[in-house]
Amino acid sequence: MSDASQTRECIVCQQPITGDSTADNSGGPFCSSGCREISRLLGDGTELDRPETGPDTDRSVPEGVKQTFLRIDGIHSPTCEAYLEHLANTQSGVVDAEASYVTETIRVDHNGDVVSTDELRDGLSKTGYTAFLRSDASADGDSGGTRRSREADGLRKRRSDEVLGLRYAAGIVFGAFLMVPYVALMYPTHLAPYLDAAFLDAFEGAFQLDGSSGFLFLRIYFVLTAIVLFFTGMPVLRGAYISLKMRRPTTDLLVAFTVVSAFCYGTGAVLLGDNNIFYDLTLVVAAVVSGVSLYETSVKQRALERLTELTVSQVDSARRLDEDGDATDVSVDSLRPGDRILVREGERIPVDGTLVGDDCSVKEAVVTGEALPVAKQTGDTIVGGAVVTDGAAVVEVGDPVTSSVDRITDSLWSIQSADHGIQRRANALAYRLATLVAGVAATVGIWVVVDGGSPPAGVMAVLLVLLVATPWALGLATPLSVATSIHDAMERGIVVLDDTIFERLREVDVVVFDKTGTLTTGEMEVVEVDVPDEVLADAAALERRAAHPAGAAIVSAVDAKSEDAATRPDGEHPNGDRAKDRTAPAGRDVRDFRTHATGVSGSVDGCEVLVGNLDLFAEHGWTVSSEIQAKAREARGFGRLPVVIGRDGRANGLVVVGDNPRQGWLDTVISLHERGIEVAVLTGDNEEATDFFAEQEAVSYVFADVPPEGKTEAIRRFQRDRRVAMVGDGTNDAPALAQADLGISLGSGTALAADAADIAIVDDDLSLVNTTFEFARAARRRVRQNIGLAFTYNAIAIPVALVGLFNPVTAAVAVALCSGLLAVNSSRELFSG
């Protein structure tokens, strides 16, 4: 092979091309037929404009620049993204930074000789944020589960949640203590002039704030209200500060306008001898907003806890062989190129390399998506993350020492850090309203002074306008809607891991399904038997000594048949023999058992038995009828595995083992098609395995033989002019899940898939994919309704203020009515069905 051919890259996925490339009419080389189809149907990469909706993964890191991925606690909006990127870029040695509040991560490209990872972490742990390395995700938590669940359950995260709970508790305790005098004394004082009630006469003119009593009141309430404002309300004040610093007003700023102006107005009122004190507004609003934030956090935490604790695909240790062939357990980090490692049957291969020992079979579904095990011979490439299913593998470690799973993880993190959050509808509205309210307040204050009022009167006028006109309840509308929608979805078995998904989901134009483990069960089972019972029992006797998944499926089928016969009345066997199961393998004498790359052989009760594919029978020179050969080819055409079984020199029939379509998959696809959503199937399996899906009218695209990098590129090319959702379950799907505008993983999937996804369907029920679309539409209605209801406070406060009746009582009524309506509307069932 020439050097030129060795350095060629696929024009779709940029993976090296080994051997002769394939080319279509454009003359471009491709690493697989799948990449060729992606280029043909979705356009040439040179014509592709980068989408605004999906992250750009075609990034080259300059030499000497290190990429560090950090998890950020406290990031919750696009404004936080911009602020953290600003913080990172102010540090020496930082080349670039990209943050995402959707995934709570930031990627920093930096010169490791100028700024260390510890310095980066410390530099980003400011203003209420806490940063820590993603690679240390499990340092403070348990070792099991997904990385996302370990991060969410880590010590730092638990402390953050505990502090939020403490803030809320402080607001409730101090607020309740302060509200008792307000209800008992202040409210009747304000009601007495307007209501003709005998019991209010005693309060008229009472509690005048002059002399020593007024200042005593100020000292007590000023201190206690300040504790609530600056402790309970600190997250809101921090958000407001950041929004001002980044010049991006948010709902945090609207809430801050209200609680701070209420506090300042109350303090000024005491000093001026006025009893219109709105400390209660500060207390209630700060506590309510903090409570909703705590509720939203707790709901998301429960959603994470609902996730199945899935298999982690990375391997931390390896069994290294020395020159004498002795094995020693070592850390994967200590491996060097050229080392030889032993991977036993059933174990996961830790790093990429070359097979140097005996032949074996491996299942590479975690990386390639291929459901069937692959036979490997000496000299073949072995991918890290694959599982040895038959035999043992001696692998020579490649250069560099890494695994395909590690590369997928790095790709996933890079995509996640670039997955910018969308601006919430309420925040977009807050941007305009904050400017308007501030402008009106300033204008009123200036007019009061120009009209002859004193500067203090002008300041009080400004504060009063902010109190009355600021729609602070927008800070409740969206988080309350999101939290209750997440809770409702969780009750249906849909775990939502990102509070923007309801907005993103309803914009989806294309849903891309992975095949293996998503549209199919991903488990091998016998789907057709065309062989005599006794011969099938011989095959099962041999396969009990093998470890191939197809063999295990045959054994399971025979055992199930035996159990079924044993439970029939009077021991009646389906074939008419009483109390006797001719398929039962018990007592069979197996000798000379051998494992081949293409099957197994041996002697069963004195008869030579061969179980495997057509190549195995050809190697042994056994006779195979044209009928059996035709059936084997037909089975292959549906992506299934034909296992030929024979005795004493000739094939007696075959068993077809397959990865069956998941129940309800077609109804799901048809429902999406009827919604006007295009459906695509993307898989690492060969083309034969996808013929069945290509025949379905509701499926618009089918791409087979696609490597993991090709899956990500296919999503990106779809995103050129469409919004894309990806449904998958495997590690190889993770970058594509993260690249998509919306990622959906199934509960049976791998940890990396769950980390990449925005939604996890816990019960592997594909019909819930359609249900998520229903949730998105219903959640949108709820958000719009809540945003409308958020102005209830202002609808009451503004008219009342214009007629001069705005006081703590009317403010309290407006707050209670507004908060109550939001709570009631958010608690209503989203939709029936």
Side-chain angles (χ1 to χ4, degrees), residues 32-42 365 368-372 505 508-525 527-528 633-642 656-706 710-711 714-715 717-719 721-730 732-733 736-737 740 742-746 748-749 761 764-774:
S32 66
S33 60
C35 285
R36 185 201 304 119
E37 283 298 288
I38 290 172
S39 180
R40 184 177 71 85
L41 295 177
L42 302 182
T368 66
E370 170 66 57
L372 301 177
L505 187 59
V508 167
D509 303 302
V510 181
V511 175
V512 179
F513 287 92
D514 170 56
K515 185 188 79 72
T516 305
T518 303
L519 290 178
T520 65
T521 61
E523 298 176 356
M524 305 300 292
E525 60 183 56
V527 296
E528 182 181 345
R633 286 192 294 268
E634 183 182 0
R636 274 290 184 187
F638 282 94
R640 292 172 173 172
L641 177 65
V656 178
V657 179
D659 176 20
N660 283 335
R662 194 177 291 279
Q663 184 177 4
W665 80 270
L666 186 56
D667 291 338
T668 297
V669 168
I670 291 174
S671 296
L672 292 173
H673 179 70
E674 291 175 347
R675 290 177 183 271
I677 297 173
E678 292 183 294
V679 174
V681 177
L682 200 61
T683 180
D685 278 348
N686 57 43
E687 294 184 32
E688 293 176 337
T690 61
D691 289 346
F692 176 73
F693 299 99
E695 295 173 357
Q696 306 301 320
E697 183 179 349
V699 178
S700 302
Y701 301 91
V702 176
F703 301 103
D705 193 23
V706 180
K711 290 183 178 183
I715 297 296
R717 295 193 183 197
F718 269 122
Q719 287 175 316
D721 54 5
R722 285 165 279 196
R723 301 261 183 170
V724 184
M726 169 78 181
V727 186
D729 77 315
N732 67 95
D733 301 323
L737 286 167
L742 192 81
I744 304 174
S745 72
L746 296 188
S748 62
I761 295 177
D764 287 341
D765 184 355
L766 277 180
S767 67
L768 293 180
V769 173
N770 282 313
T771 305
T772 59
F773 284 89
E774 292 294 337

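Heavy atoms only: backbone and side chains are in, while hydrogens, waters and symmetry mates are out. Just so you know, residue 1 is the first one in the sequence shown, and it goes up from there.
- V669 is listed as a side-chain neighbour of V699, based on a closest heavy-atom distance under 4.5 Å.
- Distance check: E674 CD to D667 CG gives 9.5 Å after rounding to the nearest 0.5 Å.
- The shortest side-chain heavy-atom distance between R717 and S39 falls under the 4.5 Å cut-off.
- S671 and N770 get closest at one heavy-atom pair: CB-ND2, 3.2 Å.
- Considering only residues two or more places apart in sequence or on other chains, D509 meets the side chain to side chain contact (heavy atoms under 4.5 Å, CB included) condition with R722, R723.
- Taking Y701 as the reference, F718 meet the ring pair (Phe, Tyr, Trp, His ring centres under 6.0 Å) condition, with sequence neighbours excluded.
- With sequence neighbours excluded, the residues forming a salt bridge (charged side-chain N to carboxylate O under 4.0 Å, His left out) with E37 are R40, listed by chain and number.
- To the nearest 0.5 Å, atom CG of residue L768 and atom OG1 of residue T668 are 8.5 Å apart.
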If you apply the rule side chain to side chain contact (heavy atoms under 4.5 Å, CB included), what do you find for W665 with Q696, and how did you get there? CA-CA 11 Å; W665 80 270; Q696 306 301 320; 3.6 Å; yes
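- In this structure, T518 contributes its side chain and K515 its backbone to no donor-acceptor pair below 3.5 Å.
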Could you check V679 against F693 for side chain to side chain contact (heavy atoms under 4.5 Å, CB included), going step by step and ending with a plain yes or no? CA-CA 11 Å; V679 174; F693 299 99; over 6 Å; no
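- Within the model, atoms CG of D765 and OG1 of T771 stand 7.5 Å from one another, a figure rounded to the nearest 0.5 Å.
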I677 and F773: CA distance, side-chain angles, deciding distance, side chain to side chain contact (heavy atoms under 4.5 Å, CB included) verdict: CA-CA 11 Å; I677 297 173; F773 284 89; 3.4 Å; yes
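- Here the closest heavy-atom approach between residue V510 and residue V508 is recorded as O-CG1, 3.3 Å.
- In this structure, OG1 in T520 is found 12.5 Å from CZ in F513, a value given to the nearest 0.5 Å.
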Show your working on side chain to side chain contact (heavy atoms under 4.5 Å, CB included) between V727 and D514 and close with a plain yes or no. CA-CA 6 Å; V727 186; D514 170 56; over 6 Å; no
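- In this structure the side chain of I761 reaches within 4.5 angstrom of the side chain of I744, judged on heavy atoms.
- Of all heavy-atom pairs between M726 and A740, the closest is CB-CB, 3.7 Å.
- Atom NZ of K711 sits about 6.0 Å away from atom CG of L682, to the nearest 0.5 Å.
- Nearest approach of V706 to S32, heavy atoms of both residues: CA-OG, 4.5 Å.
- Closest heavy-atom contact between H673 and E697: CE1-O, 4.4 Å.
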